[in-house]
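Within every chain, numbering begins at 1; the chains are lettered A, B, ... in the order of the sequence lines, protein sequences first and strands thereafter.
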Number of protein chains: 2
Amino acid sequence: MNTDLLLQHISKHISLTGEEEDILKSVLHSKKIKKKHFLLQEGEVNKTATFVTSGILRIYSIDKNGFEHILQFAPPGWWIGDMKSAITQQPATLNIDAIEDTEIIWISKEDLEKLYAAVPKFERFFRILAENSIASYQQRLVNNLSLSAAERYDNFCKLYPSLVQNLPQKQVASYIGVTPEFLSKMLSNLSEKK
Amino acid sequence: MNTDLLLQHISKHISLTGEEEDILKSVLHSKKIKKKHFLLQEGEVNKTATFVTSGILRIYSIDKNGFEHILQFAPPGWWIGDMKSAITQQPATLNIDAIEDTEIIWISKEDLEKLYAAVPKFERFFRILAENSIASYQQRLVNNLSLSAAERYDNFCKLYPSLVQNLPQKQVASYIGVTPEFLSKMLSNLSEKK
DNA sequence: AAATATTCTTAATCTACATTAAGTCCGCCC
DNA sequence: GGGCGGACTTAATGTAGATTAAGAATATTT
């Protein structure tokens, strides 16, 4: 298991002694998820904290007409989860699957509680992480409430330049909240205007 | 200053000794905000954590056409803030003002850091708080991406039954993401269908 | 390399919701 | 208590983006 990316990510917010790092490592597990396979499906309980080390995951809901709505992509260095399910340990309403072959590091909920008890610094780490996540959800909501589809697309490109290149267009459409047909039309209109 | 509601709220997630409670109380301040007055304006820096003890606050963005988009209401027992500004200490893009005469308890960012150092349990408390907030932002996003205006209204009513009664309709419209005119029409259609 | 599935495009038609505008009702301040 | 600004309503018209459908281009599987 390659923990470099995770340790590097953690060290941006808290610093660990060698001993603390060992305690952390003792609760880490890794897993590979093949493209199109699920990490979490609607109805299952989200029982782990998940950190992506390679590939890309996505988290999305499926509405009553069967359409997918993507909440977040998780490229390497990102955490992902259905937070309501993780907190309440009730069945998830969100799905997580792999857009490409992906490798993750995960920690079980019980081990995470043990980790908090053994090294309280991790409460701090995950607090900071959660607060950053709130900041981006607030921004995302503002964008969805106040911007046009074209502006949301622009925004997405600026925020995730690497993803725009590698993602099928329909995934981008699902994230910014339009149909693939409309995004396609929008892009061809944009390019002919130049 | 009446700290009952705050202490009760905190005790749902962590338990404090008398001494720890005293340390907390030493960093608390209270403030009254009159109806329509601002707690935070776009361009200012969000320098405090804010807990509502009476009244109602709202946090919203103003788009380039001058329209308001409400992210969250904060009735008594809720925290509120522009998280990006609070983290980065850069100018806020969100506004917070009072819908009714309101009383809050606030903690400065510096004192909050001191509190974390003195009583690490508070890292845990605010981690849990932040995680719950993420859960509701995830839900809110799903709703905005996948539900019709009527369904979002329904949802709002179930989630904040007390607010629907007391809030001007146009505030509800701004929260669910439609114009006041459309919400008005929607409601009169709904009622005549019965 | 063929077969199959998935993604992307184009275009016609449709609809949920926005915009504009006018009028009514109500609380609040001088 | 009369004027006034804000909140709500109604209705006509406009539009961003959805839906439907069909074909073309790209991947993926065998």
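Comparing B/Lys35 and B/Leu147 against DNA chain C, the residue whose closest nucleotide sits nearer the 5' end is B/Leu147.
Distance B/Leu183 CG to C/dC17 P: 11 Å, rounded to the nearest Å. Protein atom CZ of B/Phe182 is 17 Å distant from nucleotide atom P of D/dC8, rounded to whole Å. Taking atom CD of residue A/Glu181 and atom P of nucleotide D/dA22, one finds them 14 Å apart after rounding to whole Å. Note: CG (B/Leu145) to C1' (D/dG17) measures 14 Å, nearest angstrom. One interatomic measurement links the two molecules: CE of B/Met186 to P of D/dT9, which rounds to 12 Å at whole-angstrom precision. A/Asn189 has its CG atom 12 Å from the P atom of D/dG17, to the nearest Å.
Using a 4.5 Å cut-off on side-chain heavy atoms (C-beta onward), A/Leu7 and A/Glu21 make contact. With a 4.5 Å cut-off on side-chain heavy atoms, A/Leu40 and A/Asp82 count as touching.
Using a cutoff of 4.0 Å between basic side-chain nitrogens and carboxylate oxygens, A/Lys185 and A/Glu181 are not scored as salt-bridged.
B/Glu131 and A/Met83 get closest at one heavy-atom pair: O-CG, 3.2 Å.
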message: Using side-chain hydrogen bond (donor to acceptor under 3.5 Å, both in side chains), reason through A/His37 and A/Asp97 one step at a time and then give a plain yes or no.
response: CA-CA 6 Å; A/His37 286 220; A/Asp97 67 13; over 6 Å; no

message: Determine whether B/Arg58 and B/Gln72 satisfy the following criterion, side-chain hydrogen bond (donor to acceptor under 3.5 Å, both in side chains), listing intermediate values before the conclusion.
response: CA-CA 6 Å; B/Arg58 73 211 252 255; B/Gln72 190 202 325; over 6 Å; no

- request: Show the numbers, then the answer: is there a salt bridge (Lys or Arg N to Asp or Glu O under 4.0 Å) between A/Lys35 and A/Glu100?
  value: CA-CA 4 Å; A/Lys35 183 170 177 167; A/Glu100 313 171 350; over 6 Å; no

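Of the residues in residues 154-179 of chain B, those placing a heavy atom less than 4.0 Å from an atom of DNA chain C are B/Gly177, B/Val178, B/Thr179, in numerical order. The stretch residues 62-76 of chain A has no heavy atom under 4.0 angstrom from DNA chain D at all.
OP1 or OP2 of C/dT10 lies within a sub-4.0 Å distance of a side-chain N or O belonging to A/Ser188. Look at B/Lys185 and you won't find any side-chain N or O under 4.0 angstrom from OP1 or OP2 of D/dC8.
By the 30° and 60° cut-offs, the orientation of the rings of B/Tyr160 relative to B/Tyr175 is perpendicular.
Taking A/Ser26 as the reference, nothing meets the side chain to side chain donor-acceptor pair (under 3.5 Å) condition, with sequence neighbours excluded. Listed by chain and residue number, B/His9, B/Trp79 satisfy the ring pair (Phe, Tyr, Trp, His ring centres under 6.0 Å) test with B/Phe51 (two or more places apart in sequence, or in another chain).
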Taking distance alone, no hydrogens or angles, what donor-acceptor pairs closer than 3.5 Å link side-chain atoms of residues 152-159 of chain A to residues at least two apart or in another chain?
unit_1: A/Arg152; atom_1: NE; unit_2: A/Ile176; atom_2: O; d: 2.8
unit_1: A/Arg152; atom_1: NH1; unit_2: A/Leu147; atom_2: O; d: 2.9
unit_1: A/Arg152; atom_1: NH2; unit_2: A/Ile176; atom_2: O; d: 3.1

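Remark on the helix from C/dA1-D/dT30 to C/dC30-D/dG1: inter-end axis angle 60°, axes from five-pair C1' superpositions, rounded to 10°.
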